[in-house]
Amino acid sequence: MTLNFTPAPLDDPLYYLRNFEWVLGWVRQRYGDLLPPAELAFIDQALALPEASRGLLVRMVMRKGDLFRPETLEYPELEPFSKASAPLQQLGWLVEDPQISLETLFRLFTWSSLKTVFINRLEAHGIPPTARKSEALDRLRGELEPEDLEPRLASSWGLAPQALVQLTVMPQCDRLRWLFFGNGYQGWSEFVLTELGLYQYEPVTFDERSRPVHKRTELETFWQLLECRQQWHEDESPEAVLEQLPPEPEEQPWLARHYHRLLFKMARHWERTGELERARDSYQRSSYPGARGRLLRVLERLGYHETAFELAQAAQQAPESEAERQQLERLLPRLKRTLTGERQRRTAPPEVPELHLILPQDPSVERAVAAYLSTPETPVYYAENTLLTGLFGLLMWDAIFEPLPGAFFHPFQRGPADLYWPDFVERRADRFDALMAQLTTGAYRQTILDNFERKAGRQSPFVAWGALDQEQLTQALECIPAKHLALCFQRFLQDLKANCAGLPDLIQFWPDERRYHLLEVKGPGDRLQDNQKRWLAFFRQHQMPVSVCYVRWSESADD
DNA sequence: ACCCTCCACGCAAGC
DNA sequence: CGTTGCTGAG
DNA sequence: GCTTGCGTGGAGCTCAGCAAC
Ligand SMILES: [Mn+2]
Ligand SMILES: [Mn+2]
């Protein structure tokens, strides 16, 4: 029944309402047993409203913020605002004359309308009508008494009580949206963009019980976490948010990940603002990948060199990733030097063949090099991560989109929910093994080309359709030995997140000789990044053809 | 695809 | 008056 | 002077209409 879902057609003037109601139905059907009574009541009350009121509600939900000037809420497909809004006001979902601050007042109303409303006050402060809006705001902010600057009734600023309305049920709608998408970032526009064909999603069969949360308490924690995240984005006060963080959801890995990621993000915020003790505490509590590495850096910055050194040594015994190992290789000698004064011999970086070019200045150094090296017989592509990860994604398509329990729970997923979990590959080991085996039988070529046609345009975490074309693909399959692909794909599988980045900018093909060459381009002032160094070392280790091309601009007399 | 990933830029420390 | 940036909309 | 490590910031359907300057 959930197969091949399509959003409401856009020629239906109420398409947005149809989509919203479809979500309400989906949520009630699949999560009804987990929903608190308040949310269930909200859904039922919403569905019982007159159509124009439902439409108006959804229009407001989809717009930015919760404050609206009624004259911006007249929609031709709905009743006039005055009529459509009445049932919403009856329920208290929409209220007139909300409390707003001076800043909000200035944000919502145009300068010319403020001038007519505010004329007396502006004159009293000696602000001429020719002043800029931002200047007027600054003046008022500085000159008004603090209690006058507190949020207060819109009418107390001199507005008519009907001049502004507030939607009060945004929190309920957010919670339903978060539950439907299983995350905090996807929104109602998914439906339109899908219907417009901008996004196409792989149709996946959903297990009826494939859900991100399974208990009432888990749902509550999930909502709390996303609320924290939202408050942080809105209030910019992570200190307050940290207080409201729910207890660590240890027993549920999906929630635990959300929890630790939020902690990590807050820590990173404090690290950037220089509140290093706070950063340290949060990094310490977080088990999100990279947290230990940042903690080490913060300890170092705080001057806790011994603590950092001990932790770094422990980390080196069991690095969580190659990236961390690489970071430790820099950090440990540095710490040792500060602690003991001993100077360490630096280990030489892997040898990578270099190419040095002097080219006329160009906005894109990669394109300049590609154009310079490319010939009709030996084309160069500016591929970066797109080609190799694309081949990987096309070959592994069926493994990636295998509908395991918990992997897919709504129709707008570009990949499985557990893609970056430690056990993602393990759970699909048979599938991945079978597809990897095609690289030894030779069947992989057909699989990749077939999927390139069959799945064309469908969202995938690994396939950037816009960057691939048939010819590039065919040449890649001709020129890159299956053994080399196998090595790269193994490395992707070891860390799907970190290892799908940092691949060289350019690839050149020699179809006649069935060979290829990878090239990382560096313009003036650009240096190899950590993940690029890791890939270069890997390519060299396996005798795969790669080099780095350093470019300088030729002196030009023009301009 | 959970703001990332790539890049350019800019700063400070160390040679 | 153009221009720049934001919002709403499909 | 240079190099090196490290951090920051911007861009991410596309079009029309409007507000602000
Ligand atoms: Mn690049
Ligand atoms: Mn490059």
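Proteins come first, then strands; the chains are lettered A, B, ... in the order of their sequence lines, and each starts at number 1. Bear in mind the structure is a predicted one, so any value in this text is a computation, not a measurement.
- Phosphate contact (OP1/OP2 of C/dG10, side-chain N/O of A/Tyr15, threshold under 4.0 Å): present.
- Checking A/Gly415 against A/Glu384, the closest nucleotide of DNA chain B that is more toward the 5' end is the one next to A/Gly415.
- Residue side chain A/Arg59 does not reach the base of C/dG8 through any donor-acceptor N/O pair under 3.5 Å, judged by distance alone.
- The phosphate of D/dC21 has neither OP1 nor OP2 within less than 4.0 Å of any side-chain N or O from A/Arg132.
- Across all strands, A/Gln532 comes closer than 4.0 Å only to sugar-phosphate atoms, never to a base (heavy-atom distances).
- For D/dC6, one of the phosphate oxygens OP1 or OP2 lies less than 4.0 angstrom from a side-chain nitrogen or oxygen of A/Arg330.
- Under 4.0 angstrom from either OP1 or OP2 of B/dC6 there lies at least one side-chain N or O belonging to A/Asn385.
- Within the structure, a side-chain polar atom (N or O) of A/Arg294 is placed less than 4.0 Å from OP1 or OP2 of D/dG7.
- Using a distance-only test at 3.5 Å, with no hydrogens or angles considered, a donor-acceptor pair links the side chain of A/Gln413 to the main chain of A/Ala407.
- Backbone-only contact: A/Glu366 has heavy atoms under 4.0 Å from sugar-phosphate atoms and none from a base.
- Between A/Phe191 and the options A/Tyr16, A/Phe412, A/Tyr15, A/Tyr201, a ring pair (Phe, Tyr, Trp, His ring centres under 6.0 Å) holds for only A/Phe412.
- Contact between the side-chain N/O atoms of A/Ser134 and the OP1/OP2 oxygens of D/dC21 is found at a separation under 4.0 Å.
- A/Lys133 places a side-chain N or O within 3.5 Å of a backbone atom of A/Phe106 that can act as its donor or acceptor partner.
- In this model, the phosphate group of B/dC4 is approached by a side-chain N or O of A/Arg268 to a distance below 4.0 Å at OP1 or OP2.
- Taking the nucleotide of DNA chain B with the nearest heavy atom to each of A/Tyr382 and A/Arg527, the more 5' of the two is matched to A/Tyr382.
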